[in-house]
Q: 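Got a structure here, written out as structure tokens. Questions coming.
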There are 2 protein chains.
Amino acid sequence: MLTIKEVTEITEIAAPTLRYYEKEGLLPHVKRNENGKRLYDEEDLSWIYFVTALRATGMPIAQIQKYVYLYKEGDSTISERKLMMLYHKKEIERSIRDLYFNLDKINYKLALYDVLESQIERTSIKI
Amino acid sequence: MLTIKEVTEITEIAAPTLRYYEKEGLLPHVKRNENGKRLYDEEDLSWIYFVTALRATGMPIAQIQKYVYLYKEGDSTISERKLMMLYHKKEIERSIRDLYFNLDKINYKLALYDVLESQIERTSIKI
DNA sequence: AATTCACTTGAAGTACACTTTAACAGGAGG
DNA sequence: CCTCCTGTTAAAGTGTACTTCAAGTGAATT
């Protein structure tokens with residue numbers, strides 16, 4: 001069992017953020033010791049990594065909340081949870097497509113700068 | 001020359017957002033008519049689309065501000081602006097890599113759900 | 001002339017996800 | 001015993017990017 005400090009060192013997530021996630025119901029079953037201090041096990045670490053992956057891909061806190069709520073409901077919600085993940089997967093794929101689309105525009109801009117610089121170079125030689 | 005309303009219809013960007021971008025210095029040379037109302041030309045539209053692409057790829061307002069400031073300085077800042085775009089291109093590529101990395105985790109989760117569902121199916125048949 | 005409409009401004013408000021603060025508690029080391 | 005360290009809580013604060021509001025202007029329609 002790990003203390004919150006050990007978890008911050010392993011996951012590089014700030015302690016207030018871990019407490020915030022727990023308070024918002026994003027981390028089910030985090031235990032406490034006899035003094036009320038948090039103790040994390042391997043399963044808690046898995047949850048932290050999973051929540052981090054969802055956040056990093058833009059899932060809002062409220063949606064993760066809903067997912068964890070369904071998880072706590074048990075096996076009867078498996079298909080709904082799977083649907084949530086399928087939907088989120090499509091969102092991520094859309095984000096990736098959008099990024100590629102806009103990356104094209106940046107590359108176009110960079111190509112223009114190449115042209116501009118070579119023009120300036122030629123002009124300089126003439127002078 | 002287009003009014004702000006026409007630009008909102010063409011770009012689907014809200015008028016307050018266009019005013020906000022202009023106030024923050026993200027849109028150089030937006031003209032006004034004799035009554036002080038905004039008039040946008042093709043070049044303004046290009047800027048709007050460019051700013052939108054930068055925002056959509058996560059560039060902060062402050063950095064776009066700096067870019068536009070350099071643009072206004074003239075040709076002497078071309079290499080610095082090009083560097084900004086090169087750096088941003090790398091950021092976008094990193095974002096795309098991160099999204100793929102986390103998409104893998106979501107796909108792994110989905111694979112687990114497939115296993116779970118087929119298990120439940122087999123159990124149901126047995127009952 | 002009065003209303004309506006599209007615009008203007010500065011300032012305040014909102015949403016989201018943390019982050020910081022204040023006040024306190026319990027155990028360890030000097 | 002005192003201080004330090006690590007933890008606890010609720011509440012307030014922060015940063016970013018808008019978004020909404022209040023008050024006003026000027027042109028056009030009824």
Side-chain angles (χ1 to χ4, degrees), chain A residues 1-27 29-41 44 47-69 88 91 95 98-99 102, chain B residues 1-27 29-41 44 47-69 88 91 95 98-99 102:
Chain A
M1 299 291 268
L2 303 162
T3 65
I4 197 164
K5 193 177 194 191
E6 289 164 333
V7 173
T8 65
E9 281 156 7
I10 293 167
T11 64
E12 300 199 303
I13 295 169
T17 306
L18 289 171
R19 295 193 192 101
Y20 167 72
Y21 282 174
E22 187 182 337
K23 195 178 120 207
E24 295 299 315
L26 271 45
L27 305 175
H29 57 53
V30 174
K31 301 280 188 306
R32 303 296 180 106
N33 73 6
E34 63 280 0
N35 302 316
K37 301 197 173 176
R38 289 170 179 79
L39 287 177
Y40 299 82
D41 61 16
D44 294 319
W47 270 104
I48 291 168
Y49 287 128
F50 182 51
V51 167
T52 302
L54 293 178
R55 288 291 306 117
T57 49
M59 185 181 280
I61 299 286
Q63 213 172 324
I64 305 175
Q65 252 167 14
K66 189 186 167 188
Y67 181 89
V68 175
Y69 171 78
H88 187 53
E91 291 282 292
S95 298
D98 287 353
L99 282 177
N102 287 303
Chain B
M1 299 291 268
L2 304 160
T3 65
I4 198 165
K5 194 177 193 191
E6 288 164 334
V7 173
T8 66
E9 282 156 7
I10 293 167
T11 63
E12 299 199 305
I13 295 168
T17 305
L18 289 171
R19 295 193 194 102
Y20 168 71
Y21 282 173
E22 186 182 337
K23 193 177 122 206
E24 295 299 316
L26 272 45
L27 304 175
H29 56 54
V30 174
K31 301 280 187 306
R32 303 297 179 105
N33 73 5
E34 63 279 1
N35 302 316
K37 303 199 172 176
R38 288 170 181 79
L39 287 178
Y40 299 82
D41 60 18
D44 294 319
W47 270 104
I48 291 168
Y49 286 128
F50 182 51
V51 167
T52 302
L54 294 177
R55 288 292 307 118
T57 48
M59 185 181 279
I61 299 286
Q63 213 171 326
I64 306 175
Q65 253 166 14
K66 189 187 166 187
Y67 181 89
V68 175
Y69 170 78
H88 187 53
E91 290 282 293
S95 298
D98 287 353
L99 281 177
N102 286 303

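Remember, predicted model here, so these are calculated numbers, not experimental data.
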Q: Hey, mind stepping through B:Lys31 and B:Arg38 against side chain to side chain contact (heavy atoms under 4.5 Å, CB included) and telling me if it holds?
A: CA-CA 6 Å; B:Lys31 301 280 187 306; B:Arg38 288 170 181 79; over 6 Å; no

Q: Distance check, rounded to the nearest 0.5 Å: A:Thr3 atom OG1 versus A:Glu9 atom CD?
A: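 With rounding to 0.5 Å, OG1 (A:Thr3) is 7.5 Å from CD (A:Glu9).
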
Q: Nearest-Å distance, CG (A:Asn33) to P (D:dT6)?
A: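 Value for this atom pair: 16 Å.
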
Q: Looking only at heavy atoms, what is the nearest atom pair of A:Thr57 and A:His88, with distance?
A: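 In terms of heavy atoms, the two residues are closest at OG1-NE2, 2.8 Å.
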
Q: Given that A:Ile4 and B:Gly58 both sit by DNA chain D, which one's nearest nucleotide is further toward the 5' end?
A: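 Result of the comparison: A:Ile4.
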
Q: Over the length of the helix from C:dA1-D:dT30 to C:dG30-D:dC1, how much do the five-pair end axes diverge, rounded to 10 degrees?
A: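 So the angle between the two local helix axes works out to 30°.
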
Q: A:Glu24 has an atom CD; how far is it from atom C1' of D:dA11, in whole Å?
A: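 Rounded to whole Å, this separation is 14 Å.
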
Q: Among all residues two or more places apart in sequence or in another chain, which pass the side chain to side chain contact (heavy atoms under 4.5 Å, CB included) test with B:Tyr49?
A: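 Applying side chain to side chain contact (heavy atoms under 4.5 Å, CB included) to B:Tyr49 gives B:Ile10, B:Thr11, B:Leu45.
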
Q: Among the candidates D:dG7, D:dC18, D:dT9, find the nucleotide nearest to the side-chain atoms of A:Arg32.
A: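 Of the options given, the side chain of A:Arg32 lies nearest D:dT9.
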
Q: How many Å lie between NZ on B:Lys23 and P on D:dT16, as a whole number?
A: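 So the two atoms are 16 Å apart, to the nearest Å.
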
Q: State, to 0.1 Å, how close B:Val68 and B:Gly25 come at their nearest heavy-atom pair, and which atoms those are.
A: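 In this case the closest contact between B:Val68 and B:Gly25 is CG1-O, 3.2 Å.
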
Q: Hey, could you give me the CD/OH distance between A:Glu22 and A:Tyr40, rounded to the nearest 0.5 Å?
A: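 If I round to the nearest 0.5 Å, the distance is 5.5 Å.
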
Q: Let me know the distance between CE of B:Met59 and P of D:dA17, rounded to the nearest Å.
A: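 It is 11 Å, rounded to the nearest whole Å.
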
Q: Taking side chain to side chain contact (heavy atoms under 4.5 Å, CB included) as the criterion, tell me which of A:Thr8, A:Val30, A:Val51 meets it with A:Leu18.
A: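 Of the listed options, the one satisfying the test is A:Thr8.
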
Q: By a strict heavy-atom criterion of less than 4.0 Å, which residues belonging to residues 7-20 of chain B are in contact with DNA chain C?
A: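 Those residues whose heavy atoms fall under 4.0 Å from DNA chain C, taken from residues 7-20 of chain B in numerical order, are B:Arg19.
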
Q: First contact, last contact: which nucleotides of DNA chain C are these for chain A, 5' to 3', heavy-atom distance under 4.0 Å?
A: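 It runs C:dA17 to C:dG27.
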
Q: How long is the line joining CD of A:Glu22 and C1' of D:dG7, in whole Å?
A: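 Going from A:Glu22 (CD) to D:dG7 (C1'), I get 13 Å.
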
Q: Would you compute the distance between atom CD1 of A:Ile48 and atom CZ of A:Arg55 and round it to the nearest 0.5 angstrom?
A: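 A:Ile48 atom CD1 to A:Arg55 atom CZ measures 15.0 Å (nearest 0.5 Å).
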
Q: Just how far is it from atom CE of B:Met59 to atom NZ of B:Lys66, taken to the nearest 0.5 Å?
A: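 Going from CE on B:Met59 over to NZ on B:Lys66, the span is 10.0 Å.
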
Q: Quick one: which of A:Met1, A:Glu6, A:Arg32 gives a side chain to side chain contact (heavy atoms under 4.5 Å, CB included) with A:Leu39?
A: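 The passing option is A:Met1.
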
Q: Please name all residues satisfying side chain to side chain contact (heavy atoms under 4.5 Å, CB included) with A:Gln65, sequence neighbours left out, ordered by chain then number.
A: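 Listed in chain order: A:Glu24, A:Leu26, A:Ile61, A:Ala62.
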
Q: Show me the protein contacts with nucleotides 21-29 of chain D, counting only N or O atoms at under 3.5 Å.
A:
from, atom 1, to, atom 2, distance (Å)
D:dA27, OP1, B:Asn35, OD1, 3.4

